[in-house]
Amino acid sequence: MPRLIAPGSLRRIGTFFSDSGYTREALRDTLELSELPWRKLRNLHFLLHKTQEATALHQLARIFYLGQPADEALLRQCIPGAIFGLMQDAEMLEVKGGVAKPACMVAPLENLVLVSDQITNMEVELLPDLVLLPNPTTLTVSRFMLRKRGANVFDLGTGCGPLALLLAGSAKHVLGTDINPRAIEFARFNAALNGIENVDFEVGDALAPAEGRQFDLIVANPPFFVSAERQFVFCDSPLELDGFSRMLAREAPKYLLEGGFFQMMCEWVEVKGQRWQDRLDEWFTGNGCDVFVIKGFEFGAAKYAHERLFEANPLHPERDIEIFEQRLAYYRERNVTAVHGGLMAMRRKAGSNWVRIEDIPHPPKECFGDDVVARFAGQDLAAWATDEQLLDWKPALTSRVRLRQELTARDGGWQPTMQRIDLVEGLASSLALEPPVASVVCRLDGSRSVREQAAALAAEAGADAGVAQAEVLRLVRRLGSGGFLELPATG
Ligand SMILES: C[S@@+](CC[C@H](N)C(=O)[O-])C[C@H]1O[C@@H](n2cnc3c(N)ncnc32)[C@H](O)[C@@H]1O
């Protein structure tokens with residue numbers, strides 16, 4: 001694995017990657033390297049074809065992204081001698097007999113370049129302490145997390161440091177920890193590679209390194225796979241079933257300042273005789289937080305065992321049936337019928353707390369931390385604002401709201417059979433509307449109070465004033481908690 005050399009020298013290497021245009025967009029969109037070379041995909045010929053030019057970008061991508069050996073002479077043509085020498089000093093590549101081989105993988109993420117183990121080695125040997133590149137779960141958490149200016153942040157299970165280093169851009173200080181000492185070495189290397197100084201990385205188990213400290217923000221992309229065996233430290237839950245994620249949901253808030261957030265991605269099981277919501281209720285009850293859950297997926301036990309089979313058995317496809325059966329037996333013995341997954345944000349708050357769960361299978365592809373904060377503000381409004389407070393308020397729709405209508409031919413004309421409003425950007429939201437209140441929604445422009453809106457509805461629909469008022473209050477609460485209204489951010 002790479003060796004930590006003088007930070008200034010590593011920074012020069014990092015800058016060379018950036019100056020060569022080594023970005024996620026360039027690798028994925030321009031060079032079309034959307035997949036790595038996996039034997040099972042039989043795609044190596046295509047990836048080599050796409051990286052054949054004698055340019056720094058092509059050759060860096062071939063060796064450090066695809067993990068393929070490169071011709072030393074060609075590489076030296078594309079990489080200045082001083083940088084090539086530093087890469088050798090840092091043991092990022094090994095040169096022998098005119099061939100350069102990578103000793104690590106380099107992946108771009110936003111404005112960072114991050115060194116990790118070469119993941120395709122998983123097809124060659126079992127590496128229980130493999131340190132993973134930023135992967136799809138990293139990307140999702142990175143978009144989900146709040147980028148709070150001046151915050152004190154804790155990234156639990158930092159791996160090669162992607163979330164910690166991204167957060168360092170806005171935070172005052174970030175602590176990144178991992179139980180895997182190799183991960184911490186990579187993370188320190190990456191801090192220097194990217195010239196980031198307001199981060200400390202420490203080896204530590206779960207929340208132990210946070211003892212005696214409190215943070216504005218804790219993030220975790222923990223090992224949450226519900227696995228029968230603890231094979232890989234990066235993904236297999238170290239506690240029975242979903243125990244590790246449960247422990248974090250219950251314990252991490254103790255290390256938050258009042259108003260601070262804990263955000264994680266995780267999975268939880270559904271057991272026979274219990275609703276999956278009941279399991280989460282038990283996680284959250286008494287943890288002192290308001291909780292917003294973005295539920296992303298749900299797999300029956302067999303489908304889940306199948307989906308995770310590659311991680312469970314990367315080397316011996318001929319054992320797939322046996323491993324699959326072992327996993328199914330493990331779930332059956334523990335009455336697990338399904339596994340659910342998603343993102344959770346918890347805000348520490350004294351007093352009564354709320355829990356909101358939304359189904360959002362496709363979270364946005366851009367950062368949506370501000371939308372998460374807005375959902376908290378909206379749910380606060382729905383849960384805590386009194387009717388009197390709301391009646392005097394002049395709500396306004398966000399500009400991202402659209403009405404969707406379905407019309408059915410009836411009685412010689414088109415009759416509306418479905419009306420919904422959707423948020424068309426950011427974190428998705430959708431709300432079904434009854435025709436009379438739909439007309440109220442389009443008038444929410446900040447110029448009239450809820451009381452005035454209710455009076456207008458009563459007059460328009462010839463309805464009782466009290467009934468109209470109750471309907472509009474209910475509507476405003478639902479719109480607020482669904483993210484449809486302009487609200488002051490609280491986070
Ligand atoms: C899914 S990886 C996430 C890595 C990185 N944060 C990211 O988002 O790409 C989970 C990380 O948690 C670490 N980990 C596993 N068990 C841990 C524990 N008990 N305490 C701290 N870290 C742990 C693993 O070594 C691994 O780096």
Side-chain angles (χ1 to χ4, degrees), residues 1 24 104-110 112-119 122 127-145 147 153-168 171 174-191 194 199-211 217-227 229-252 255 262-267 296 308 310-311 341-344 363 367 369:
M1 71 179 284
R24 197 177 133 75
C104 60
M105 179 168 188
V106 182
L109 178 69
E110 295 188 21
L112 306 175
V113 281
L114 298 162
V115 169
S116 65
D117 280 320
Q118 183 55 250
I119 190 182
M122 271 176 81
L127 299 161
D129 59 354
L130 181 105
V131 177
L132 208 58
L133 77 159
N135 59 86
T137 65
T138 319
L139 281 181
T140 304
V141 178
S142 73
R143 294 165 182 154
F144 171 55
M145 65 194 188
R147 313 239 178 158
V153 180
F154 175 27
D155 172 25
L156 191 157
T158 196
C160 69
L163 302 177
L165 295 170
L166 285 177
L167 286 164
V174 184
L175 169 68
T177 67
D178 205 289
I179 199 164
N180 181 354
R182 295 187 69 247
I184 293 304
E185 282 186 54
F186 274 114
R188 289 182 180 146
F189 188 96
N190 286 330
N194 292 281
V199 181
D200 284 312
F201 290 108
E202 289 174 21
V203 177
D205 185 4
L207 291 156
E211 218 39 69
L217 176 66
I218 303 177
V219 295
N221 178 12
F224 53 71
F225 285 4
V226 182
S227 313
E229 62 296 303
R230 320 268 172 267
Q231 185 163 237
F232 293 110
V233 68
F234 73 83
C235 62
D236 293 323
S237 172
L239 298 180
E240 177 81 345
L241 295 179
D242 51 13
F244 195 68
S245 302
R246 174 189 181 274
M247 181 278 291
L248 292 179
R250 298 204 56 75
E251 300 298 321
Y255 300 89
F262 169 49
Q263 295 180 275
M264 71 168 164
M265 178 177 246
C266 68
E267 293 178 347
R308 298 282 185 246
F310 179 70
E311 286 80 8
L343 299 163
M344 294 181 182
C367 289

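Both backbone and side-chain heavy atoms feed into the values below; hydrogens, waters and symmetry mates do not. Start at 1 and go down the list; that is how both ligands and their atoms are numbered.
- Arg308 has a carboxylate O that lies under 4.0 Å from a charged side-chain N of Glu267, or vice versa, which qualifies the two as a salt bridge.
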Identify all pairs of nitrogen or oxygen atoms, one from ligand 1 and one from the protein, separated by less than 3.5 Å, and list them with distances.
from: ligand 1; atom 1: 6 (N); to: Gly157; atom 2: O; distance (Å): 2.8
from: ligand 1; atom 1: 6 (N); to: Thr158; atom 2: O; distance (Å): 3.3
from: ligand 1; atom 1: 8 (O); to: Asn221; atom 2: ND2; distance (Å): 2.9
from: ligand 1; atom 1: 9 (O); to: Thr138; atom 2: OG1; distance (Å): 2.7
from: ligand 1; atom 1: 19 (N); to: Asp205; atom 2: OD1; distance (Å): 2.7
from: ligand 1; atom 1: 20 (N); to: Ala206; atom 2: N; distance (Å): 2.7
from: ligand 1; atom 1: 22 (N); to: Ile179; atom 2: N; distance (Å): 3.3
from: ligand 1; atom 1: 25 (O); to: Asp178; atom 2: OD1; distance (Å): 2.6
from: ligand 1; atom 1: 25 (O); to: Asp178; atom 2: OD2; distance (Å): 3.4
from: ligand 1; atom 1: 27 (O); to: Gly159; atom 2: N; distance (Å): 3.4
from: ligand 1; atom 1: 27 (O); to: Asp178; atom 2: OD2; distance (Å): 2.6

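- Counting only heavy atoms from C-beta outward, the side chains of Phe189 and Glu185 never approach each other to under 4.5 Å.
- Donor-acceptor pairing under 3.5 Å is recorded for the side chains of Asp155 and Thr158.
- Electrostatic pairing of Glu311 and Arg230 does not count as a salt bridge here, judged by no charged N lying under 4.0 Å from a carboxylate O.
- Counting only heavy atoms from C-beta outward, the side chains of Asp242 and Phe224 never approach each other to under 4.5 Å.
- The shortest distance between side-chain heavy atoms of Leu132 and Ser116 does not fall below 4.5 Å.
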